[in-house]
Q: 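Have a look at the structure that comes next, please.
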Amino acid sequence: MDLLCNAYSNASDNEEEEEESAKQPRPENFTPPNSKRLKPDNPFTHTKTQNPLSDSTQFPALRIEAPVPGRYVSKRERGLLGSQPTAPDPNPDALLLTTSPVFGSISDSDVPRDIKSLLRNKTRKGRAQLGQMPQRMSVPLSGHTKAVNAVHWSPTHAHLLASASMDQTICIWNVWSSDQKVARVLNFHNAAIKDVKWSGQGLFVLSCGYDSSSKLVDVERGIETQVFKEDQVVSVVKFHPDNFNLFVSGGSKGGLRLWDVRNGKAVHEYVRGHDPILDVEFTTNGKQIISSSDASGRNLSENSIVVWDVSRQVPLSNQVYVEAYTCPCVRCHTFEPFFVAQSNGNYIAIFSSIPPFKLNKYKRYESHGVSGFPIKCVFSVDGEKLISGSSDGSIYFYDYRSSELVRRIKAYEQACIDIAIHPSIPNVIASCSWNGEVSVFE
């Protein structure tokens with residue numbers, strides 16, 4: 001007994017166990033504990049981490065293998081194994097979370113000083129340029145590999161431009177950046193993309209396409225936040241002018257729906273026929289929706305252009321345009337009670353946006369015998385110019401009052417698909433083409 005007492009009085013249990021465990025070979029992958037918290041491995045090695053996990057959900061990167069059967073395990077090692085936290089079962093939805101590649105900055109920090117001054121002082125600086133028209137291409141933007149269907153300037157971050165392409169991507173361009181102009185490439189759709197719109201509530205874009213869905217994406221974090229599934233190819237989306245929680249979508253089966261992004265549900269549905277929706281537009285007061293359909297297979301005196309009451313979900317008029325042509329684009333005037341429709345009859349018609357929504361038979365914008373026909377159009381900020389993209393690759397500028405053609409710019413070898421007016425610099429426009437080019441003119 002004295003020998004046993006002497007043996008155990010000279011060393012503690014832990015010391016003896018440490019000596020014995022030191023004699024045993026350690027597993028090859030054993031990692032000793034570190035007093036500092038280790039950062040978790042970042043699965044997105046080529047992207048920035050925009051939304052790190054909170055401290056309560058981060059776990060050290062310490063990994064210890066299970067004990068080898070028959071091997072002695074000390075108290076310290078057993079305690080370490082017992083105290084190792086176990087990660088909860090992953091959320092199935094979280095496994096689907098992907099981030100978009102970060103190519104450049106979305107900040108305006110490296111935008112030239114004169115451009116930044118115009119962007120930040122649009123009321124004082126912009127008014128001096130009202131009435132001016134773009135003269136030349138100033139910024140070519142290359143990145144898409146197929147046709148570009150839509151371009152749209154951010155209303156809140158006016159140095160950023162979004163473009164949607166048949167190559168299944170959306171490019172976010174930092175247009176005047178002196179470094180990298182491609183800031184983000186969003187590839188959340190698995191089919192060609194037809195349309196893209198910026199939200200008026202920060203850095204979010206809404207897109208739609210051939211995968212029968214509309215998607216809301218947080219550009220800053222590069223993640224998809226909501227998906228709005230449909231039973232049709234979605235060809236066009238448009239935010240409500242006064243409530244950016246609402247947007248309307250139109251598709252290939254004639255479906256026209258008003259969605260609420262707060263609950264991800266369609267709150268209204270507007271049903272008239274099964275003809276594909278070509279374009280939609282809210283009136284200036286936001287109380288009506290104007291839709292244009294490809295009604296070539298039906299009676300063209302009905303459903304080609306329909307004006308809807310937003311709240312009552314009923315058509316106010318379905319005999320607005322009775323000529324034997326479809327209209328791929330409808331646009332309301334900036335502030336006057338009129339809207340225009342680009343007709344495949346090679347002219348642009350003008351209508352009243354007040355009931356009974358009559359066609360102006362004495363005034364329209366002729367294409368002056370050019371080989372192409374108009375595709376998309378938009379009014380200038382001051383409402384004095386109507387700017388149209390054409391199938392011959394040109395951009396046409398019309399005087400709104402007289403309907404005369406005042407300028408033509410040959411922009412592309414193939415069709416000019418879309419036009420977007422800059423929200424704060426009136427003499428700057430963006431356009432895109434069927435050959436994949438995106439350009440800024442000033």
Side-chain angles (χ1 to χ4, degrees), residues 129-141 144 147-155 158 160-165 170-171 173 175 193-198 235-238 278-281 292 327-334 339-344 346-350 365 367-368 370 372-400 403 405-442:
Q129 297 184 2
L130 289 179
Q132 295 186 12
M133 290 181 290
Q135 303 285 339
R136 58 182 177 82
M137 182 190 299
S138 61
V139 184
L141 301 170
H144 288 295
V148 181
N149 289 317
V151 288
H152 193 227
W153 292 99
S154 168
L160 298 178
L161 177 72
S163 59
S165 173
I170 296 170
C171 282
W173 308 91
V175 174
I193 304 173
K194 285 286 291 179
D195 197 10
V196 63
K197 293 291 187 299
W198 286 91
S235 54
V236 59
V237 288
K238 183 87 67 173
L278 301 177
D279 201 10
V280 295
E281 175 80 335
S292 174
C327 300
C329 175
V330 289
R331 290 291 180 270
C332 284
H333 191 269
T334 312
F339 71 91
V340 296
Q342 291 201 176
S343 168
N344 284 337
N346 207 15
Y347 65 90
I348 302 174
I350 185 169
Y365 304 89
S367 295
H368 295 275
V370 296
F373 57 86
I375 299 177
K376 289 286 181 72
C377 67
V378 64
F379 282 101
S380 60
V381 175
D382 60 359
E384 295 299 321
K385 299 291 185 296
L386 178 65
I387 306 168
S388 171
S390 173
S391 63
D392 66 355
S394 298
I395 301 173
Y396 294 87
F397 298 81
Y398 298 91
D399 183 280
Y400 168 67
S403 70
L405 179 66
V406 294
R407 176 168 297 168
R408 175 196 177 200
I409 296 177
K410 178 63 175 177
Y412 308 107
E413 293 301 320
Q414 296 187 31
C416 179
I417 302 298
D418 197 15
I419 301 284
I421 297 288
H422 194 276
S424 57
I425 311 178
N427 65 318
V428 171
I429 67 170
S431 63
C432 59
S433 79
W434 192 248
N435 59 4
E437 297 179 68
V438 179
S439 307
V440 174
F441 294 82
E442 63 182 27

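Each residue takes its place number in the sequence, starting with 1.
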Q: Would you say that Glu442 contacts Arg136 through its side chain, given a criterion of any heavy-atom pair below 4.5 Å between the two side chains?
A: yes

Q: With a 4.5 Å limit on heavy-atom distance, are the side chains of Cys416 and Ser431 in contact?
A: yes

Q: Got a second to check how far Cys327's SG is from Leu278's CG, nearest 0.5 Å?
A: 8.5 Å

Q: Can you name the residues that form a side-chain hydrogen bond (donor to acceptor under 3.5 Å, both in side chains) with Ser235, not counting sequence neighbours?
A: none

Q: Donor-acceptor pair, Ser433 side chain versus Ala415 backbone, under 3.5 Å?
A: no

Q: Do any N or O atoms from the side chain of Asp195 and from the backbone of Val237 form a donor-acceptor pair under 3.5 angstrom?
A: yes

Q: Roughly how far, to the nearest 0.5 Å, is the CD1 atom of Ile409 from the OG atom of Ser439?
A: 10.5 Å

Q: Does the side chain of Ile429 reach to within under 4.5 Å of the side chain of Val378, using non-hydrogen atoms?
A: no

Q: For a 4.5 angstrom cut-off between non-hydrogen side-chain atoms, does Ile421 reach Lys385?
A: no

Q: Ignoring hydrogens, what is the shortest heavy-atom contact between His144 and Gly436? Give both atom names and the distance.
A: CB-O, 3.8 Å

Q: Taking the side chain as C-beta and beyond, is there a heavy-atom pair between Cys377 and Val340 under 4.5 Å?
A: yes

Q: Output yes when a side-chain donor or acceptor of His422 lies under 3.5 Å from a complementary backbone atom of Ala158, and no otherwise.
A: yes

Q: side-chain hydrogen bond (donor to acceptor under 3.5 Å, both in side chains) with Asp279: which of Lys238, Gln342, Arg331?
A: Arg331

Q: Check whether any side-chain heavy atom of Trp434 lies under 4.5 Å from a side-chain heavy atom of Asn149, and answer yes or no.
A: yes

Q: The criterion is side-chain hydrogen bond (donor to acceptor under 3.5 Å, both in side chains); which residues satisfy it with Asp418, sequence neighbours excluded?
A: none

Q: Closer than 3.5 angstrom, by distance alone: can the side chain of Trp198 be matched with the main-chain N or O of His152 as a donor-acceptor pair?
A: yes

Q: Is there side-chain contact between Val440 and Trp153, with at least one heavy-atom pair below 4.5 Å?
A: yes

Q: For the atom pair OH (Tyr412) and CG (Asn435), what is the distance rounded to the nearest 0.5 Å?
A: 8.0 Å

Q: Any sub-3.5 Å donor-acceptor pair from Lys197's side-chain atoms to Val236's backbone N or O?
A: no

Q: Would you mind telling me which of Cys329, Cys432, Pro328, Ser390 makes a side chain to side chain contact (heavy atoms under 4.5 Å, CB included) with Lys376?
A: Cys329

Q: Start with the C-alpha distance between Ile417 and Val148, add both sets of side-chain angles, then the distance that settles side-chain contact (heavy atoms from CB on, under 4.5 Å), and finish with yes or no.
A: CA-CA 7 Å; Ile417 302 298; Val148 181; over 6 Å; no

Q: Of all residues at least two apart in sequence or in a different chain, which pass the salt bridge (Lys or Arg N to Asp or Glu O under 4.0 Å) check with Glu437?
A: none

Q: Just how far is it from atom CZ of Phe379 to atom CD of Glu384, taken to the nearest 0.5 Å?
A: 10.5 Å

Q: How many angstroms lie between CG in Asp392 and CD in Glu413, if you round to the nearest 0.5 Å?
A: 10.5 Å

Q: Do Tyr400 and Ser380 have a side chain donor and acceptor closer than 3.5 Å?
A: no

Q: Which heavy atom of Ser394 sits nearest to which heavy atom of Lys410, and what is that distance?
A: OG-CD, 3.7 Å

Q: Identify the heavy atoms of Ala430 and Val151 that sit nearest to each other, and give their distance.
A: O-CG2, 4.0 Å

Q: Return the OG to CZ distance between Ser388 and Phe397, rounded to the nearest 0.5 Å.
A: 10.0 Å

Q: Heavy-atom distance under 4.5 Å between the side chains of Val428 and Val175, does that happen here?
A: no

